[in-house]
Amino acid sequence: MALNSLLPWLRREGGEGRPFTPAPAKASPARAVQAAQAARSETLARQLALVIDLDACVGCHACVVSCKQWNSSGRDGLPPDPGAFEDSPSGTFFNRVQTWEAGRYPQTQTVHLPKSCLHCQDPPCVPVCPTGASYKRAEDGIVLVDADKCMGCKYCSWACPYGAREYDEARGVMTKCTLCVDRIHDAALPAEDRQPACVKACPTGARLFGDVNDPASEVSQAIAERGGYALMPEWATNPANRYLPKRVRGAPDEGGPAGTPGGRP
């Protein structure tokens, strides 16, 4: 079956894993829009997310290491990847850092872009899941994978435009960033420790964590003050994570200041 014809079927089947029931032939578009808006407002009343300051990130990979450590041996972590210390190691990483030079010589800047699951407000990975393993939590907006329901079909990784899904070969299931959900809601931890491992480990304070739907939160204020932007907005997934642009140092090039939304390569 062609992918174009398969995806609509998967969207109908996804979410709750219910048997397919054809939609009414003359469904009201207005009612459909109202229902979607009502569902979205309920789901997104609170949206936890990361805000990453590209001007402060130095590409040290502390976020990558701490994420891997916590999700391999943390409170609810799993054993390390099989063969992790062999000549050809392999494994899963929920957080990665991409680095490149932006701008034109001599007005260039090094940009470090940490990237993980963006916990989209309209996540394309959720409706394509045929078993309902991928879901978005109503209470905090975090996108998660139920390993007990996941059959490792990888449809979610095909649907994600950010490459944020990881296949765990040892367990045969899809995995991803959880925003350290086992840490942030753990009442046994001191309040200052109820943050994702990557946020706690960042030596420059480049990673902020909080509710982006709360105008009074630190993350919302940082977005407003610094012009925080979403990654690849053209995909209309409404990513919850935001990036704070690098501050301009030198003359702008034809595409705009290096590291800003107008000048991103």
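Note that the structure is predicted; figures quoted are calculated from it, not measured.
- Here the side chains of Cys129 and Cys156 are not in contact, with every heavy-atom distance at 4.5 Å or above.
- Separating the OG1 atom in Thr92 from the OH atom in Tyr167 is a distance of 12.0 Å, to the nearest 0.5 Å.
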Worked check of side-chain contact (heavy atoms from CB on, under 4.5 Å) between Ile184 and Ile142:
CA-CA 11 Å; Ile184 62 177; Ile142 299 177; 3.8 Å; yes

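- In this structure, the side chain of Tyr155 does not engage the main chain of Cys125 through any donor-acceptor pair within 3.5 Å.
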As a quick check of understanding, evaluate side-chain contact (heavy atoms from CB on, under 4.5 Å) for Arg242 and Ile52, giving each step before the final call.
CA-CA 6 Å; Arg242 296 291 194 277; Ile52 300 172; over 6 Å; no

Evaluate side-chain contact (heavy atoms from CB on, under 4.5 Å) for His112 paired with Leu54, printing each intermediate quantity in order.
CA-CA 7 Å; His112 303 289; Leu54 299 182; over 6 Å; no

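- Leu244 contributes atom CG, which lies 12.0 Å from atom CZ of Arg207 (distance to the nearest 0.5 angstrom).
- Classification of Lys200 and Asp193 as a salt-bridged pair holds, one side-chain N sitting under 4.0 Å from a carboxylate O.
- Judged by distance alone, the side chain of Ser220 and the main-chain N or O of Ser217 form no donor-acceptor pair under 3.5 Å.
- A donor-acceptor pair under 3.5 Å is formed between the side chain of His119 and the backbone N or O of Val143.
- Of all heavy-atom pairs spanning Ala62 and Pro203, the tightest one is CB-CD, 4.0 Å.
- Contact between Tyr243 and Pro114 at its shortest, heavy atoms only, is OH-O, 2.7 Å.
- Annotation: the span from Cys160 atom SG to Leu118 atom CG amounts to 7.5 Å, rounded to 0.5 Å.
- Phe93 carries Lys68 over the face of its six-membered ring, with the cationic atom under 6.0 Å from the centre and within 45° of the normal.
- Within the 3.5 Å criterion, the main-chain N or O of Leu189 finds a donor-acceptor partner in the side chain of Arg194.
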Show your reasoning for whether salt bridge (Lys or Arg N to Asp or Glu O under 4.0 Å) applies to Arg96 and Glu166.
CA-CA 12 Å; Arg96 301 177 186 273; Glu166 296 277 314; 2.9 Å; yes

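- Scored by the side chain to side chain contact (heavy atoms under 4.5 Å, CB included) test, Val65 finds no partners at all (sequence neighbours excluded).
- The hydrophobic cluster containing Tyr135 does not contain Val173, counting ILVMFWY residues as joined when their side-chain heavy atoms lie under 4.5 angstrom apart, directly or transitively.
- At a threshold of 4.5 Å between non-hydrogen side-chain atoms, the residues Cys67 and Cys177 do not count as touching.
- For the pair Gln121 and Gln47, the minimum side-chain heavy-atom distance is below 4.5 Å.
- By the side-chain hydrogen bond (donor to acceptor under 3.5 Å, both in side chains) test, Asp53 pairs with Arg226, sequence neighbours left out.
- Taking CG of Asn95 as the reference point, atom OG of Ser66 lies at 7.5 Å (rounded to 0.5 Å).
- For Tyr162 and Thr237, the side-chain atoms include at least one donor-acceptor pair closer than 3.5 Å.
- Between Met151 and Pro130 there is a side-chain heavy-atom pair separated by less than 4.5 Å.
- Asp122 places no side-chain N or O within donor-acceptor distance of the main-chain N or O of Asn238, the cut-off being under 3.5 Å.
- For the 3.5 Å distance criterion, the side chains of Arg165 and Thr175 fail to qualify, holding no donor opposite an acceptor.
- Interatomic distance, SG of Cys63 versus CZ of Phe94, reported as 14.0 Å (0.5 Å rounding).
- In this structure, CH2 on Trp100 lies 6.5 Å from CD on Gln98, to the nearest 0.5 angstrom.
- Distance alone, capped at 3.5 Å, places no donor-acceptor pair between the Asn241 side chain and the Val51 backbone.
- Scanning all heavy atoms of the two residues, the minimum distance from Pro239 to Ala230 falls at CD-CB, 4.0 Å.
- Hydrophobic clustering, with ILVMFWY side chains joined whenever heavy atoms are under 4.5 angstrom apart, groups Leu48 together with Val199.
- A donor-acceptor pair is defined here as one N or O able to donate and one able to accept, closer than 3.5 Å; such a pair exists between the side chain of Ser157 and the backbone of Lys154.
- With no hydrogens or angles considered, a side-chain donor-acceptor pair links Asp140 and His185 at under 3.5 Å.
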Worked check of side-chain contact (heavy atoms from CB on, under 4.5 Å) between Val111 and Lys246:
CA-CA 8 Å; Val111 179; Lys246 291 181 71 68; 3.7 Å; yes

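- Here the side chain of Lys136 pairs a donor or acceptor atom with the backbone of Cys120 at under 3.5 angstrom.
- Hydrophobic clustering keeps Val97 apart from Val58 (ILVMFWY residues linked when any side-chain heavy atoms are closer than 4.5 Å, directly or through intermediates).
- Under a 3.5 Å cut-off, the side chain of Thr204 and the backbone N or O of Ala56 do form a donor-acceptor pair.
- A pairwise comparison of heavy atoms in Pro245 and Asp55 identifies O-CB, 4.2 Å as the closest pair.
- Exactly one residue among Val219, Val212, Leu179 makes a side chain to side chain contact (heavy atoms under 4.5 Å, CB included) with Leu50. That residue is Leu179.
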